[in-house]
Visitor: 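Can you keep this structure in mind? I'll have questions shortly.
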Protein chains: 2
Amino acid sequence: MQRAALLAQSSALISRFRSLAPVTEADIAFLMGSLGPVERYPSGTELLREGEIIPGPRYILAGWALRTRYLSDGRRQIFGFVLPGEPIGLCEREQPLALTNLVTCTPVALSDASGVRAVCLGLGHDHPQIARAHKRAMALDEAYLLHQIIRIGRQTAYERLVHLLLELNSRCHAAGLSDGSSFELPLTQEILADCLGLSIVHVNRTLQTLRREQLIDQRPPILTIRSKEKLIAIAEYSDPQVAVLRWENHRSHLSARSLCLSSVDSKDCE
Amino acid sequence: MQRAALLAQSSALISRFRSLAPVTEADIAFLMGSLGPVERYPSGTELLREGEIIPGPRYILAGWALRTRYLSDGRRQIFGFVLPGEPIGLCEREQPLALTNLVTCTPVALSDASGVRAVCLGLGHDHPQIARAHKRAMALDEAYLLHQIIRIGRQTAYERLVHLLLELNSRCHAAGLSDGSSFELPLTQEILADCLGLSIVHVNRTLQTLRREQLIDQRPPILTIRSKEKLIAIAEYSDPQVAVLRWENHRSHLSARSLCLSSVDSKDCE
DNA sequence: CGAATAATTGAGCCTGCTCAATAATAGTGG
DNA sequence: CCACTATTATTGAGCAGGCTCAATTATTCG
């Protein structure tokens, strides 16, 4: 069955939705029934080009992509990452223009999300938990941009790297791709450098320091966080997943449960 | 009449709406009829505190506010600015948590926007141009965060300052607060430093350089852009107002007109 | 007209950069 | 399965943009 095949490839998407809101089995069934067929692209594919109209909403089912912009002399800034389970171009505007380029940095599996757009945006009143999850996802997107600004604006190279690794671990965890401290990190040091506003050389040396201090462990492509508490203290990391979900805790115990599942230890919140 | 008084104080808001979409007189009348009374706060007022529920949607009618976060040792990052005509807490989520602090850096005039929320979000089908303007405003918000990342991630101090000044000029222009090259800049060098990830001292020296080179002119609190072309080239500045508005040009000539009114020279777009 | 805030200047230092070379990995075709 | 090539990671050395510390000079405002 094609349906079963899609389901098998959508585990990150489903995991992420579950981490965002207490979606029902019916919600999941609706999602699976509405997604388009899986499209595959190799690493290095341009999914969006800045200033052009976004073809249609899609979900990344597997693989990572980079939001980038270049200066004329070749300097590159990576604004952030799109991870499995996260949407591309799923927004209110009708013919949205891409604000950045989007390039895959691993092989990627995509699925058309036109069929779920209206539900995600809450245009009808079906599947309210999906709409809720989507609103939270949008808030998380902004929170990650803010993270990025804090890192490159006011943190040292050492703090930046730690902060980013914690964020990526948390996001992988929401997608079911981290056990809480160990996940696949498909980024070269050059990508990390262009994300964090550093040189490749300095990223290299800073990672070495973190390994030497036993704070992280790297056996490519797996990155392991050895002492999450210390790292959180170093980077003053506060997890947006926790922050964005918190406000409805008093209303929904299911939500509270998914919070615990998807997030780092509860004491990490503060 | 209180109504007339409100109108007089809402010129920035109206100007900004006109720059975002071809709003009608009826749209403006609706806005003026739905806004709450003007509230005034002095400089230094905390309008939002990170992590707390946003009281209700509001518009800034006059004055500037800063989105901030602090690290525990006192380092401050300013994520961005909220200028006259821009909304606070006007989003999809029901009980949104503030993602950052928001502090006024001048005396500010606010007005409750609860009465326009549904229309802005396009929940009904009234005043579609207002809804359109609001969606564009949301896209601009993201574009300004991306600007911020480019500046502090990959630009030199000199480029950063130029880039920011161009952005602020453009945004002031949309609010009717710049004639295209001259506007009131109510920011101290400390604020600029905390926004751009620099030290106060270095901001000071960089501003001096720009003045010495006749690229800008400062007679506090007025900042004048002397050679916009050169500055745009230096910072590789591309204006989001132009970019975000462009996609509907082929559909609406009114939109195209407002684009020209609100934006810098058309050649600045590329 | 003071007190407080903001801007300016000088001097020395340090984080992180550049340049350049080498080692390790990974992907590929034979 | 292996040599071949292209990436990617690592290391060394010297440099510099921007920082810190500290003092001085405007401004602003009550």
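Each chain gets a letter, A, B and so on, in the order the sequences are listed, and its residues count up from 1.
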Visitor: Tell me: CG of Leu198(A) to P of dG17(D), nearest whole Å?
Guide: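 After rounding, the reported distance stands at 18 Å.
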
Visitor: Report the distance from atom OH of Tyr158(B) to atom P of dG17(D), rounded to the nearest whole Å.
Guide: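 These atoms are roughly 14 Å apart.
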
Visitor: Let me see the working for Gln218(B) and Gln208(B) under side chain to side chain contact (heavy atoms under 4.5 Å, CB included), right down to the final yes or no.
Guide: CA-CA 10 Å; Gln218(B) 261 187 309; Gln208(B) 286 180 51; over 6 Å; no

Visitor: Between Arg67(A) and Glu86(A), is there a side-chain N and carboxylate O pair less than 4.0 Å apart?
Guide: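 No.
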
Visitor: When you look at Phe79(A) and Leu99(A), which way does the side chain to side chain contact (heavy atoms under 4.5 Å, CB included) test go after all the steps?
Guide: CA-CA 11 Å; Phe79(A) 296 110; Leu99(A) 295 176; over 6 Å; no

Visitor: Tell me: CZ of Arg75(B) to C1' of dT20(D), nearest whole Å?
Guide: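 Taking atom C1' of dT20(D) as the reference, CZ of Arg75(B) is at 14 Å.
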
Visitor: If you assign Val201(A) and Glu190(B) each to the DNA chain C nucleotide with the nearest heavy atom, which residue ends up on the more 5' nucleotide?
Guide: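 Comparing both residues, the 5'-ward one is Glu190(B).
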
Visitor: Starting from the C-alpha separation in whole Å, work towards a yes-or-no answer on salt bridge (charged side-chain N to carboxylate O under 4.0 Å, His left out) for Arg75(B) and Glu159(A).
Guide: CA-CA 13 Å; Arg75(B) 280 175 287 181; Glu159(A) 293 165 340; 2.9 Å; yes

Visitor: Could you state the atom-to-atom distance from NE2 of His202(B) to C1' of dT9(C) in whole Å?
Guide: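 Rounded to the whole Å, the gap is 15 Å.
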
Visitor: Distance check needed: dA6(C) C1' versus Leu185(B) CG, whole Å only.
Guide: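 After rounding, the reported distance stands at 14 Å.
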
Visitor: Any donor-acceptor pair under 3.5 Å linking the side-chain atoms of Gln148(A) with those of Arg151(A)?
Guide: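 Distance-only check passes for Arg151(A) and Gln148(A).
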
Visitor: Tell me, which of residues 203-217 of chain A have any heavy atom that sits under 4.0 Å from an atom in DNA chain D?
Guide: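 Under 4.0 Å from DNA chain D: Asn204(A), Arg205(A), Gln208(A), Arg211(A).
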
Visitor: Before you tell me yes or no, could you show the steps for Leu198(A) and Thr206(A) under side chain to side chain contact (heavy atoms under 4.5 Å, CB included), namely the whole-Å CA-CA distance, both residues' side-chain angles and the distance that decides it to 0.1 Å?
Guide: CA-CA 10 Å; Leu198(A) 299 168; Thr206(A) 308; 5.6 Å; no

Visitor: Would Arg171(B) count as a cation-pi partner of Tyr144(B), with NZ or CZ less than 6.0 Å from the six-membered ring centre and within 45° of the ring normal?
Guide: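 The answer is yes; both the distance and angle limits are met.
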
Visitor: Could you encode protein contacts along nucleotides 25-30 of chain D as a string, one character per nucleotide from 5' to 3', using B for base contact, S for sugar-phosphate-only contact and - for no contact, with a heavy-atom cut-off of under 4.0 Å?
Guide: ------

Visitor: Rounding to an integer number of Å, can you tell me how far Gln155(B) CD sits from dC17(C) P?
Guide: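 It is 16 Å, rounded to the nearest whole Å.
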
Visitor: Judged by modelled atom types alone, do Arg154(A) and Gln77(B) share a side-chain donor-acceptor pair under 3.5 Å?
Guide: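 Side-chain D/A pair, Arg154(A) to Gln77(B): absent.
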
Visitor: Grab the CG-P distance between Leu192(A) and dT8(D) for me, whole Å please.
Guide: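 Distance check: Leu192(A) CG to dT8(D) P gives 12 Å.
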
Visitor: Please report, rounded to the nearest Å, how far the C1' atom of dC21(D) is from the CD1 atom of Ile200(B).
Guide: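 From Ile200(B) CD1 to dC21(D) C1': 13 Å.
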
Visitor: Name the nucleic acid region contacted by Thr188(A), choosing base, sugar-phosphate or nothing; use a 4.0 angstrom heavy-atom cut-off, strictly under.
Guide: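 The answer is sugar-phosphate, as Thr188(A) gets under 4.0 Å only of primed atoms, P, OP1 or OP2.
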
Visitor: Ile225(B) and Leu166(B): which non-hydrogen atoms are nearest, and at how many Å?
Guide: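 So the two residues come closest at CD1-CD2, 4.0 Å.
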
